[in-house]
Number of protein chains: 2
Amino acid sequence: MTKNTTVQTMFIPVQAGRASEEIALQIEAAIMDGRLSPGERLPSEREMQSQFGTGRGVIREAIKILKQKGLLEVKKGAKGGAYIRHLDVDNVSESLALFLKQHPVEPEKLIEFRETMDRTITQLAIAHADQNEKDALLKEALRLETILREEEPDFIASSELDRQLNIMLANMARNPLFEWVMHAMQMGFSSHDYALYEDKTYRERAAANWSNTARAIAQGELMRALGFIGYHYVLLRQCIDEKNALTNEPDAEFLQKDEQ
Amino acid sequence: MTKNTTVQTMFIPVQAGRASEEIALQIEAAIMDGRLSPGERLPSEREMQSQFGTGRGVIREAIKILKQKGLLEVKKGAKGGAYIRHLDVDNVSESLALFLKQHPVEPEKLIEFRETMDRTITQLAIAHADQNEKDALLKEALRLETILREEEPDFIASSELDRQLNIMLANMARNPLFEWVMHAMQMGFSSHDYALYEDKTYRERAAANWSNTARAIAQGELMRALGFIGYHYVLLRQCIDEKNALTNEPDAEFLQKDEQ
DNA sequence: ATGCCTACAATGGTACGACCAAAGGCGAGA
DNA sequence: TCTCGCCTTTGGTCGTACCATTGTAGGCAT
């Protein structure tokens with residue numbers, strides 16, 4: 001045990017079992033309380049190896065942990081190394097997606113959750129967003145409607161547009177917490193909503209309903225907007241019920257869409 | 001340029017490095033599509049080392065990644081090894097907590113979010129929960145009130161109890177999505193609510209209010225329950241405003257509570 | 001003087017081999 | 001039969017050597 005005498009060391013040697021986790025925690029703590037900021041670079045593995053007084057493997061495992069957490073980005077070559085990263089919602093969303101894959105939620109529960117989120121977000125959006133944003137939302141909703149009214153709708157584009165509409169709306173609520181929840185939802189299950197778009201009649205009704213919702217929001221008419229949102233989920237529930245009626249299969253597989 | 005491989009490499013520069021991540025993905029895929037089930041054990045590191053044809057370090061790094069994701073649990077000793085684990089909300093909550101620490105949200109946004117969640121959850125809880133659970137909730141709320149009415153309240157215990165009350169309530173909503181959101185909230189910032197408990201007058205009012213809320217829920221009186229919830233957040237907002245008025249400091253540090 | 005090109009150094013990625021530490025299993029002895 | 005201690009398995013760590021990638025500096029040609 002060579003207690004490193006270099007006072008300057010930001011890190012202290014470890015000895016307990018699971019050294020890599022201990023080190024990961026130390027580095028994480030350093031990031032969290034600002035001793036290390038996003039964009040900065042950690043010492044090289046070989047350097048940390050001596051600072052911590054461990055083998056290089058341990059350091060590498062610690063880095064792998066933090067990398068998986070999304071805290072680090074590792075680059076090779078000269079001037080490479082482990083750089084502190086800005087976390088973004090994707091990490092949260094990914095771990096949620098993982099969780100949901102092992103714990104399939106009944107579609108009804110999902111809908112219930114999404115519906116209440118939508119209602120709240122709409123309320124906040126009407127209250128907080130600029131008129132510009134509201135108009136933009138309406139414009140995009142109309143665009144979606146146009147796409148979906150075609151004979152051969154571009155499902156990829158419409159799904160993407162639907163997603164964007166939801167994100168826009170969440171953004172207009174001016175509350176980041178709602179944003180990431182929506183984001184996580186979008187990632188977790190690429191939205192049953194798209195089932196709506198498969199059937200022609202549902203498709204047109206849903207599209208028109210989106211436009212109506214957006215219009216109500218643009219005009220600041222909360223109750224009307226909430227009414228349209230309610231109708232959206234009525235449609236969705238109907239659509240899913242029909243789908244389940246056809247395929248006697250339970251919903252399990254329906255949920256297990258893989259997207260990574 | 002001695003890229004001896006085909007022109008394809010121009011578009012697929014990967015394949016270099018990242019062996020551990022490749023292996024992690026393979027194992028993860030095996031878990032996801034059921035080739036490996038929770039409770040099962042992976043081969044030993046030395047065995048996988050030869051199966052994958054890599055060094056042991058790579059295997060260990062892959063395991064560390066999956067362990068961090070919460071997919072594996074590693075035990076030492078004979079009959080040890082990497083066991084496939086059931087995912088639980090903690091992983092989601094942890095990554096959310098991490099995210100929130102790097103992206104501090106204004107307290108008001110937090111309160112706004114929590115309040116709408118509480119209202120929804122309460123609504124669902126009244127509709128879905130057994131009477132037994134409702135009574136249990138009331139009982140715990142009363143216990144909290146008792147604790148907080150003492151001259152020297154046990155803040156640790158009361159915080160924990162407050163947390164449990166929230167979790168219980170979320171559980172009663174019978175929707176796992178609300179559960180993990182609440183869970184994540186609790187982990188992310190150990191609740192500003194506790195600020196309420198520092199001041200004697202707020203403390204007693206908040207405690208009484210919790211009991212009232214629980215009682216209203218137990219009696220199935222939705223509107224009354226929502227009223228009490230509203231009052232809770234009125235109190236919380238007041239309390240925080242006062243606190244900010246005293247310390248001219250902005251809220252930044254207030255949010256950066258470290259609890260890991 | 002300018003610009004290209006190569007060699008070098010820094011750094012992560014991988015391999016191998018050795019040893020330590022725990023933890024369960026099994027056999028010897030009381 | 002029960003208990004205790006060794007033995008095997010298996011993760012945890014160390015250390016070294018080597019490879020691959022990448023930025024840079026310095027040399028060479030124009």
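Residue numbers start from 1 in every chain, and the chains themselves are labelled A, B, ... in the order their sequence lines are given, proteins ahead of strands.
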Quick one: [X] [atom1] to [N] [atom2], roughly how many Å, whole number?
X       : N      : atom1 : atom2 : result
A/Glu21 : D/dG12 : CD    : C1'   : 11 Å
A/Glu73 : D/dT22 : CD    : C1'   : 15 Å
A/Glu22 : D/dG12 : CD    : P     : 15 Å
A/Ile65 : D/dG12 : CD1   : P     : 10 Å
B/Arg18 : C/dT11 : CZ    : P     : 17 Å
B/Ile63 : D/dT10 : CD1   : P     : 12 Å

So which heavy atom on B/Thr120 is nearest to which on B/Thr116, and how close?
-> OG1-O, 2.9 Å
Who passes side-chain hydrogen bond (donor to acceptor under 3.5 Å, both in side chains) against [X], sequence neighbours left out?
X        : result
B/Lys134 : none
A/Lys109 : none
B/Gln26  : none
B/Gln51  : none

Kindly calculate the angle separating the two end axes of the helix from C/dA1-D/dT30 to C/dA30-D/dT1, each obtained from five base pairs, and round it to 10 degrees.
-> 20°
Can you name the residues that form a side-chain contact (heavy atoms from CB on, under 4.5 Å) with A/Asp118, not counting sequence neighbours?
-> A/Arg114, A/Asn166, A/Met182, A/Ile229, A/Tyr233
How would you list, by chain and number, every residue that makes a side-chain contact (heavy atoms from CB on, under 4.5 Å) with A/Asp130, sequence neighbours excluded?
-> A/Asn132, A/Glu133, A/Arg174
Those residues of residues 54-62 of chain B lying under 4.0 Å from DNA chain C by at least one heavy atom = B/Thr54, B/Gly55, B/Arg56, B/Val58
Nucleotide nearest B/Lys76 when distance is taken to its side chain, options D/dT21, C/dA10, D/dG11 | D/dG11
Taking the side chain of A/Lys79 as heavy atoms from C-beta outward, which of C/dT14, D/dG23, C/dG13 is closest to it?
-> D/dG23
Could you tell me which residues satisfy ring-ring contact (aromatic ring centres under 6.0 Å, His included) with B/Phe52, sequence neighbours excluded, listed by chain and number?
-> none
Can you sort out the partners of B/His103 under ring-ring contact (aromatic ring centres under 6.0 Å, His included), two or more places apart, ordered by chain and number?
-> B/Phe99
Scan residues 39-51 of chain B against DNA chain D and write down, sorted by residue number, each residue with any heavy atom closer than 4.0 Å; if none is found, say none.
-> B/Arg41, B/Ser44, B/Glu45, B/Arg46
Would you call A/Arg56 and A/Glu45 a salt bridge, taking side-chain N to carboxylate O under 4.0 Å as the test?
-> yes
Output all residues satisfying salt bridge (charged side-chain N to carboxylate O under 4.0 Å, His left out) with B/Glu22, sequence neighbours left out; order by chain, then residue number.
-> none
